[in-house]
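By convention in this document, chain letters (A, B, ...) are assigned in the order of the sequence lines, proteins followed by strands, and residues within each chain are numbered from 1.
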2 protein chains.
Amino acid sequence: MNTYVKHLPADERRAVTVEAVVELAGSQNPSEITTAAIAKHMNLTQGALFRHFPTKDAIWQAVMEWVAERLLARIDCAAQGIESPLAAMQAIFMSHVEFVAEHPGVPRMMFGELQRAEQTAPKRIVQTLIQRYGERLHRLIQEGKACGELSAALDTEAAATLFIGTIQGLVMQSLLAGNVERIRHDAPRVFAIYQRGIRSAQ
Amino acid sequence: MNTYVKHLPADERRAVTVEAVVELAGSQNPSEITTAAIAKHMNLTQGALFRHFPTKDAIWQAVMEWVAERLLARIDCAAQGIESPLAAMQAIFMSHVEFVAEHPGVPRMMFGELQRAEQTAPKRIVQTLIQRYGERLHRLIQEGKACGELSAALDTEAAATLFIGTIQGLVMQSLLAGNVERIRHDAPRVFAIYQRGIRSAQ
DNA sequence: GATAAGATAGTAATCGATTACTATCTTTTT
DNA sequence: AAAAAGATAGTAATCGATTACTATCTTATC
């Protein structure tokens, strides 16, 4: 149990705020998360939030930076030391799914940011994140083709698109079922089909 | 050019409202569509909307009914008369993608509805739609296995999940690129990988 | 068939509620 | 005692919804 303290240093308070938003997004529509709800969830008054963030958008920016940093670190860690490109892709997939299962609000926040018409700072962060994610996938797929694990005729871009879309599909199913745990259960089964679609014929 | 008329019968006005919402959702975040924006887009005052719909949620309900009706009709039509289950799945995929390309706001509205925490009427409609969609996919996949087109070892549920997720992934890519046309271009390439993942080895 | 009467559809103004954000005062920490 | 962090109590803007009133269309009556 975390001992409850009222006064926190600014950087810690910002960190707690980000965690509060990520948690809230797991159980409610990200676009409906108000500053009052954030404050309430972390036992703070609404006005106090603006001691640490100039605007609400700055809160979202911090949240998306947190997501980008954690997610990329996690998939890099998962792929580290794995020789086989296909096995590395599987490790990335599973670690990504694990991340999503731990923080089910994350993909919903990301999708919500991408929907925004204006080009905001948090939206740009999400775009950069997915771009970097895509670069890693591209590299692995190329390596997989080179070493013969993946079909030489494979469409690299389409394979990367399908990789990310597969996770998005899992999220959608969990929203439908209202059950986050389902993601962990479905992920290996869905990835098996994806893998069959990209690897070279034996 | 449609001749502009001020007074419309109630049912026509409701139909025009639904079309206005679908159009607006194609270019802006569905959750940020206000009743004022809807009215403005159809050259009407905001208050007049409530002569035809009791609440804003009733508008969303009508929109989602429109979507469910059109989408199911379109995929049923696409699959009609096709003997091969795999070819029928491809036809459904492509007609669904074509529908999305024509109405890019549709999948975003659907995803947005699913995100809502409360069990609203429009949310239920989306859930029913995807359930019926899933039933059709299940049937086709079973038939495909029976006739030997699809791998006998295929996980039916996972294949259905991946089918819908694949389209969701295409939508996400188009949001990233800010380019709807991209969906038409990517769809056949992505489906090719999916198909390779589910069909029986030659 | 003209016209009165009612029904239907739309306007403009406004309401209460909610939102992000701010100014001022108080408490805690160092 | 100074500075940082939080509480309290606001503000202005926006949203969905309602209201009183007007315009138009439909129908029944003579």
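Terminal axes of the helix from C/dG1-D/dC30 to C/dT30-D/dA1 (five pairs each, C1' rotation axis) are separated by 10°, to the nearest 10°.
Salt bridge present: B/Arg74 and B/Glu102 bring a charged side-chain N and a carboxylate O closer than 4.0 Å. Between A/Arg184 and A/Glu181, at least one side-chain nitrogen of the basic residue sits less than 4.0 Å from a carboxylate oxygen of the acidic one, meeting the salt-bridge criterion. One finds no salt bridge joining A/Asp57 and A/Lys123 here, because no Lys/Arg side-chain nitrogen approaches an Asp/Glu carboxylate oxygen to under 4.0 Å. Taking 4.0 Å as the cut-off between side-chain N and carboxylate O, A/Asp11 and A/Arg14 do not count as a salt-bridged pair.
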Q: Take A/Arg132 and A/Glu135, measure what salt bridge (charged side-chain N to carboxylate O under 4.0 Å, His left out) needs, and give me the verdict at the end.
A: CA-CA 5 Å; A/Arg132 289 190 185 159; A/Glu135 286 167 7; 5.9 Å; no
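In this entry the distance linking CH2 of B/Trp60 with C1' of D/dG16 reads 14 Å, nearest Å. Summarising the geometry, the separation between CG on A/Leu49 and P on D/dT8 is reported as 15 Å, rounded to the nearest angstrom. Across the protein-nucleic acid pair, A/Met42 atom CE and D/dA7 atom P stand 10 Å apart, rounded to whole Å. When rounded to the nearest whole Å, the span between CD of B/Glu12 and C1' of C/dT8 equals 13 Å.
Taking NE2 of A/His41 as the reference point, atom CD of A/Gln28 lies at 9.0 Å (rounded to 0.5 Å). The CH2 atom of B/Trp60 sits 6.0 Å away from atom CE of B/Met109, with the distance rounded to the nearest 0.5 Å. To the nearest 0.5 Å, atom CE of residue B/Met64 and atom CD1 of residue B/Ile59 are 14.0 Å apart.
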Q: Sugar-phosphate atoms are those with a prime plus P, OP1 and OP2; base atoms are the rest. Using that split, label each nucleotide of nucleotides 19-29 of chain C B, S or - for protein heavy atoms under 4.0 Å, 5' to 3'.
A: SBBB-BB-BS-
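The side chain of A/Leu44 lies closest to D/dG6 when the candidates are D/dG6, D/dA5, C/dG10.
In this model, the phosphate group of C/dG10 is approached by a side-chain N or O of B/His52 to a distance below 4.0 Å at OP1 or OP2. The side chain of B/Arg13 contributes no N or O atom lying less than 4.0 Å from OP1 or OP2 of C/dT8.
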